[in-house]
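The basis for the numbers below is simple: all heavy atoms, side chains too, and nothing from hydrogens, waters or symmetry mates.
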Amino acid sequence: MRDFVITISREYGSGGHDIGKRLAERLGIPFYDREIVELTAEKHAIDAVRLSEMEEQSRLPRWFGFGPEPDADDRLFLLQSRTIVELARQPCVIVGRCADFVLQNHPRRYSFFIYAGFKQRLAHMQQANGRYRKTDDPAREVLKMDRRRAAYYKYHTGQEWGKASNYHLSVDSGTLGPRTVDLLEQFVTLTQPKGTEEEQM
């Protein structure tokens, strides 16, 4: 029986959401991105909009678990983290939300980072049919969102977002395109313990 969980961090515009969703479909396991916000809001009776705003705030970095008493945003992050831990009790793909850090003690976690060249990211945003927010300056939006994600990750984990050593594999989706899913699936398959695949049949 498969008991692994896959986390995907991604640069803005790299297609990480779509890659994660296709990978989950390929593996026949659930996929979670925005759904985590909705599940957390529903379970703890909090405002999903407020939770989304918390994710987009850039804050001064600190080491996770140290510093001042947790504020409201810290508590929202902890509630969201609990949702992630609960979802990871079953095989799934989780995009964003520091899931690689939250699940760092999961015995069968695969963490991937998806990146791409700047021009390729802009081109992908134009072709994504509404997957990205509308803006008159896509280039500025890419830089802004990357800064926010880096700050969010640093604040809650104390680690560098996108640093290769924080992930099992970093992949250039601009080079591989749709084949990125093939590579990630192959990585998971190759690192399965011997006998796992046979036990699933």
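For the ring pair (Phe, Tyr, Trp, His ring centres under 6.0 Å) test, residues two or more places apart in sequence or in another chain that qualify with Y167 are F113. Listed by chain and residue number, nothing satisfies the salt bridge (Lys or Arg N to Asp or Glu O under 4.0 Å) test with K163 (two or more places apart in sequence, or in another chain). Under the side-chain contact (heavy atoms from CB on, under 4.5 Å) criterion, L143 pairs with F118, R147, sequence neighbours left out. Every residue two or more places apart in sequence or in another chain was checked for a salt bridge (Lys or Arg N to Asp or Glu O under 4.0 Å) with E35, and none qualifies. With sequence neighbours excluded, the residues satisfying side-chain hydrogen bond (donor to acceptor under 3.5 Å, both in side chains) with T7 are S111. Remark: Y110 pairs with T191, Q192 by the side-chain hydrogen bond (donor to acceptor under 3.5 Å, both in side chains) rule, at least two apart or across chains. Under the rule for a salt bridge (Lys or Arg N to Asp or Glu O under 4.0 Å), E25 has no partner lying at least two apart in sequence or in another chain. For D18, the side-chain contact (heavy atoms from CB on, under 4.5 Å) partners are R22, H124, R131, not counting sequence neighbours. Under the side-chain hydrogen bond (donor to acceptor under 3.5 Å, both in side chains) criterion, Y32 pairs with no residue at all, not counting sequence neighbours. Judged as a side-chain hydrogen bond (donor to acceptor under 3.5 Å, both in side chains), and not counting sequence neighbours, the contacts of D172 are T175. For the ring pair (Phe, Tyr, Trp, His ring centres under 6.0 Å) test, no residue two or more places apart in sequence or in another chain qualifies with H106. Residues forming a side-chain contact (heavy atoms from CB on, under 4.5 Å) with D136 (at least two apart in sequence, or on another chain): none.
Between G20 and V93, the shortest heavy-atom contact is O-CG1, 3.8 Å. What you find for V37 and A48 is that their closest heavy atoms are CG1-O, 3.7 Å. Between Q120 and G174, the shortest heavy-atom distance links the atoms NE2-O, 3.1 Å. Shown here for G16 and I8, the closest heavy-atom pair between the two residues is O-CG2, 4.1 Å. P91 approaches P30 most closely through the heavy-atom pair O-CD, 3.1 Å.
At distances below 3.5 Å, not a single donor-acceptor pair connects side-chain atoms of R109 with backbone N or O atoms of F101. Listed for the S173 side chain is a donor-acceptor partner under 3.5 Å among the backbone atoms of Y115. In this structure, the side chain of R121 engages the main chain of Y12 through a donor-acceptor pair within 3.5 Å. Listed for the N166 side chain is no donor-acceptor partner under 3.5 Å among the backbone atoms of W161.
You'll find the side chain of Q159 stays beyond 4.5 Å of the side chain of K154, heavy atoms only. No side-chain heavy atom of L79 sits less than 4.5 Å from a side-chain heavy atom of T83. At least one side-chain heavy atom of K43 sits less than 4.5 Å from a side-chain heavy atom of E86. With a 4.5 Å cut-off on side-chain heavy atoms, I94 and I6 do not count as touching. In this structure, I114 and L184 have side chains that are in contact, with non-hydrogen atoms separated by less than 4.5 Å.
Considering V171, V181, I19 as possible partners of L176, the one that fulfils the side chain to side chain contact (heavy atoms under 4.5 Å, CB included) test is V171.
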**OP:** Given side-chain contact (heavy atoms from CB on, under 4.5 Å), test R26 with D182 step by step and report yes or no.
**Re:** CA-CA 9 Å; R26 186 84 62 84; D182 299 330; 3.0 Å; yes

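Donor-acceptor pairing under 3.5 Å is recorded for the side chains of D100 and Y153.
Rounding to the nearest 0.5 Å gives a distance of 7.0 Å between OG1 of T189 and CG of L27. Atom CD1 of I29 sits about 6.5 Å away from atom CG of L23, to the nearest 0.5 Å. Annotation: the span from R82 atom CZ to I84 atom CD1 amounts to 12.5 Å, rounded to 0.5 Å. For the atom pair CZ of R97 and CZ of R149, the computed distance is 9.0 Å after rounding to the nearest 0.5 Å. We find the CZ-CG distance between R10 and D146 to be 10.0 Å, quoted to the nearest 0.5 Å. The line from CD of Q80 to OG1 of T40 is 5.0 Å long, rounded to the nearest 0.5 Å.
Using bins of under 30°, 30° to 60° and over 60° for the plane-to-plane angle, the ring pair H156/F77 lands in the parallel bin.
Counting non-hydrogen atoms of neighbouring residues, nucleotides and ligands closer than 6.0 angstrom, the CD atom of Q104 exceeds 12 such neighbours.
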